[in-house]
S.K.: 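The structure under discussion is supplied below as structure tokens; questions concerning it will follow.
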Amino acid sequence: MKAILIIADGLGGRPSDCGGKTCLEAARSPNLDKLARRGALGLVDPIGPGIRPGSDTAHLSLLGYNPHRVYTGRGVFECLGIGMTVQPGDVCFRANFATVTPSKEGVIVKDRRAGRIASGQDQLAEALNSIKLEKKLGIEFEFRASTQHRGALLLRGKGLSRYVTENDPHKVDVKAPEFMPVEGHDNEKTRRTAAALNELVKHSYEVLHDHPVNRQRERDEEHPANYILARGAADLPHLDSIETIYGVSGAVIAGGALYRGIALACGMERIDAPGATGGLDTDLRSKANTALKVLETLDYVFIHVKGTDNAGHDKDAKAKTTFIERIDAELISPLMERIDWKTTHLAFTGDHTTPIDYGDHTVEPVPVLFVGPNVRSDTTVALGEREAGRGGLGRFTGQVLPILFGYNNWAPKFGS
Ligand code: ZN
Ligand code: ZN
């Protein structure tokens, strides 16, 4: 048997999105509708009813883990997702290049994204990685750039702690705060970790502000990438791998580092589809082709698409609807044609609702579709939020991957 899990980030919507319909209901999606008629629908609360999901915690829950127990923070998934090796004891951060100006009180943040810098990041990362922290701290670090201003930062050394605050003020024209122990966690480890971070960002200005890449940016009247902001401190979570739990192996196909990182932490392989960007411009046909290739050798594949959520955050109903139509035509259609439906189960869902009017994640459950030879089909005829509410699977919490694997007879028995 083979299994395919597709998560369209922020798929869910509200009736206000498209004049009385959600984007999913408004989108022309004949292939998803056909699958709905063949399979069964339900509504899933990604983490639980009334809990507003983050993408990381929601994914853990949909993959069968209890985020309340295993989640340590986002930074570790970012580090894993851009290819860093994370060891127990390391502390990881999401980091980004920013533009600051020094002042008597500290550095003032002028642009949290350094003009969305699009070239030269690797040279700047190299300069950063040449910084030597004070020997007495005994802490090493690595910074790696990813897309635009984004990157990840990893600290390694004895006695580190993830209970430190961030230096991102989340607004401009204010001072970047110092790293500090999180309230209630003032101890030797958190003080050491905060001291190393404060020293690192201080040196980051010294090595970056006069860097040739930034001198050129200033000549081009672009914001220099002269500082590092770090947030989302996390250490390695304790997760039993999917292979350990179910005895099957699979791979992730995702353009976004966060999603690759989560899947890697759960024991999936990373397979890159050419042209996958983690945005609205991603190459969905390439993802479909790559998934079909993965299934030639592995048991299952997890495909993540991000554009639906990006459009929701941008409050752009047309972009979200168009992207769902593209998913239907460029991802679902080629899979439908080439999957062996006698031996394959497929699940399609979202990790939360991202309505157009609100522009961020909300608590409503999201539609979920299961299709394949062992699925008891229901009477639903189209994939949409309200249609899913009438579906044969009812409403449940998380666990989409375990349910999908259950159809394949891969689920371990609880009890005897
Ligand atoms: Zn999400
Ligand atoms: Zn989002």
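Values in this document were obtained by computation on a predicted structure and should not be read as measured data. Whatever order the structure lists them in is the order used to number ligands and atoms, beginning at 1.
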S.K.: Is Glu140 atom CD crowded by more than 12 heavy atoms from other residues, nucleotides or ligands, each under 6.0 Å away?
M.R.: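 Not more than 12 within 6.0 Å, no.
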
S.K.: Just to the nearest 10 degrees, tell me the angle at the Zn ion (ligand 1) spanned by His352 NE2 and Asp351 OD2.
M.R.: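 Value, to the nearest 10 degrees: 100°.
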
S.K.: Taking the N/O/S atoms of Asp9 one by one, which is nearest to the Zn ion (ligand 1)?
M.R.: OD1

S.K.: In this structure, are over 12 heavy atoms from other groups packed under 6.0 Å from Glu221 atom CD?
M.R.: no

S.K.: Is the ring centre of Tyr300 less than 6.0 Å from the ring centre of Phe405?
M.R.: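 Centroid distance Tyr300-Phe405: below 6.0 Å, so yes.
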
S.K.: With a cut-off of 2.8 Å, does Thr354 place any N/O/S atom under that distance from the Zn ion (ligand 1)?
M.R.: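 It does not; every qualifying atom lies at 2.8 Å or beyond.
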
S.K.: Going from CG on Asp33 to CD on Glu387, what distance comes out if it is rounded to the nearest 0.5 angstrom?
M.R.: 9.0 Å

S.K.: For the Zn ion (ligand 2), give me the closest N/O/S atom belonging to Asp309, just the atom name.
M.R.: OD2

